[in-house]
A.B. asks: 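Dropping a structure here in structure tokens format, bear with me for questions.
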Amino acid sequence: MQVELRPFKREDFSRLIGWIDSAELLMRWAGPIFTFPLTEGQLGKYLEGSLSNPPLRKIFKAVVYPQGEVLGHVELNNIDLSNRSATLSRVLVGPPAWRGKGVGTLMVKKILKVGFEELGLHRIDLLVFDYNNPAISCYKKAGFTMEGLLRDARRFEEGYLSPYIMSMLEEEWYSHFSR
């Protein structure tokens, strides 16, 4: 199986909205930047950040081959070319039947290649909620290192969530994954 990343566009909005079927999934996927239910208006504002020059973010849909199906969404956010850093954000394998089959790891490796080899970044980090074991496993398989826990850093409903921060540096990418 192979994954190709293609730019996320307005015509992709309805598919992504269809994948986000609960407030909990929306928070796990996107953090606090959207409200449930996800709408085309929210996604339109989100997409604007990828259209600036230089872009704040690079947003992709993931197409899996040989099937040719769009199965995921992934983004490099907070792109800071002066500090050569960005944040991996909003990683989602959309159809539940495809989760746990390695698609997420392939998507993450593809976007790391964009960040390190195309954008020339030095560091890519991410936040992942401490209870999201499948995502943590995916990021470890992709080569990320755990840095620490941000205790009660995100409010959700009547409680708080604690994300881990994980990162990868360019020398780690080039020594283990560059091909």
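Predicted model only: the values in this text are computed from it and were never measured.
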A.B. asks: Side chains of L25 and F36, heavy atoms from C-beta outward: is any pair under 4.5 Å?
C.D. replies: no
A.B. asks: Please examine the side chains of E75 and Y46, heavy atoms only from C-beta on, and report whether any two atoms are closer than 4.5 Å.
C.D. replies: yes
A.B. asks: Quick check: do L92 and I20 have side-chain heavy atoms less than 4.5 Å from each other?
C.D. replies: yes
A.B. asks: Check the hydrophobic clustering (I, L, V, M, F, W, Y; side-chain heavy atoms under 4.5 Å; chains of links allowed) and say if Y139 and L5 are grouped together.
C.D. replies: yes
A.B. asks: Calculate, to the nearest 0.5 Å, the distance between atoms CG and CZ belonging to L149 and R151 respectively.
C.D. replies: 7.5 Å
A.B. asks: Rounded to the nearest 0.5 Å, what separation is found between the CD1 atom of I17 and the CG atom of L38?
C.D. replies: 5.0 Å
A.B. asks: Looking at E117 and K109, does any basic side-chain N land under 4.0 Å from a carboxylate oxygen?
C.D. replies: no
A.B. asks: Sequence neighbours excluded and cut-off under 3.5 Å, please list the side-chain donor-acceptor pairs for residues 59-67, or say none.
C.D. replies:
| from | atom 1 | to | atom 2 | distance (Å) |
| --- | --- | --- | --- | --- |
| K61 | NZ | D12 | OD1 | 3.1 |
| K61 | NZ | D12 | OD2 | 3.4 |
| Y65 | OH | R6 | NH2 | 2.2 |

A.B. asks: Do S167 and E147 have a side chain donor and acceptor closer than 3.5 Å?
C.D. replies: yes
A.B. asks: Would you check if V103 and M1 make a side-chain contact, meaning some heavy-atom pair closer than 4.5 Å?
C.D. replies: yes
A.B. asks: Does the ring centre of F8 sit less than 6.0 Å away from the ring centre of F13?
C.D. replies: yes
A.B. asks: With no hydrogens and no angle check, just 3.5 Å: does a side-chain donor-acceptor pair link D125 and T87?
C.D. replies: yes
A.B. asks: Listing request: all salt bridge (Lys or Arg N to Asp or Glu O under 4.0 Å) pairs with a residue in residues 127-145, at least two apart in sequence or in separate chains.
C.D. replies: none
A.B. asks: I'd like to know whether R84 forms a salt bridge (charged side-chain N to carboxylate O under 4.0 Å, His left out) with E170, so could you lay out the CA-CA distance, the side-chain angles of the two residues, the decisive distance to 0.1 Å, and finally the verdict.
C.D. replies: CA-CA 10 Å; R84 298 179 53 218; E170 68 182 315; 2.9 Å; yes
A.B. asks: Could you please spell out the steps behind the side-chain contact (heavy atoms from CB on, under 4.5 Å) verdict for F144 and V128?
C.D. replies: CA-CA 12 Å; F144 279 85; V128 58; over 6 Å; no
A.B. asks: Side-chain atoms of residues 152-159: list all donor-acceptor pairs with protein atoms under 3.5 Å, sequence neighbours left out, distances to 0.1 Å.
C.D. replies:
| from | atom 1 | to | atom 2 | distance (Å) |
| --- | --- | --- | --- | --- |
| R155 | NH1 | Y160 | OH | 3.2 |

A.B. asks: Do the non-hydrogen side-chain atoms of R90 and V74 ever get within less than 4.5 Å of each other?
C.D. replies: no
A.B. asks: Is any side-chain heavy atom of T35 less than 4.5 Å from a side-chain heavy atom of Q42?
C.D. replies: yes
A.B. asks: So do W29 and F34 actually touch side chain to side chain, heavy atoms under 4.5 Å?
C.D. replies: yes
A.B. asks: With the threshold set at 4.0 Å, does a side-chain nitrogen-carboxylate oxygen contact exist between E4 and K110?
C.D. replies: no
A.B. asks: In this structure, are over 12 heavy atoms from other groups packed under 6.0 Å from Q2 atom CD?
C.D. replies: no
A.B. asks: Determine whether F129 and M146 fall in the same hydrophobic cluster, where Ile, Leu, Val, Met, Phe, Trp and Tyr are linked whenever their side-chain heavy atoms lie under 4.5 Å apart.
C.D. replies: no
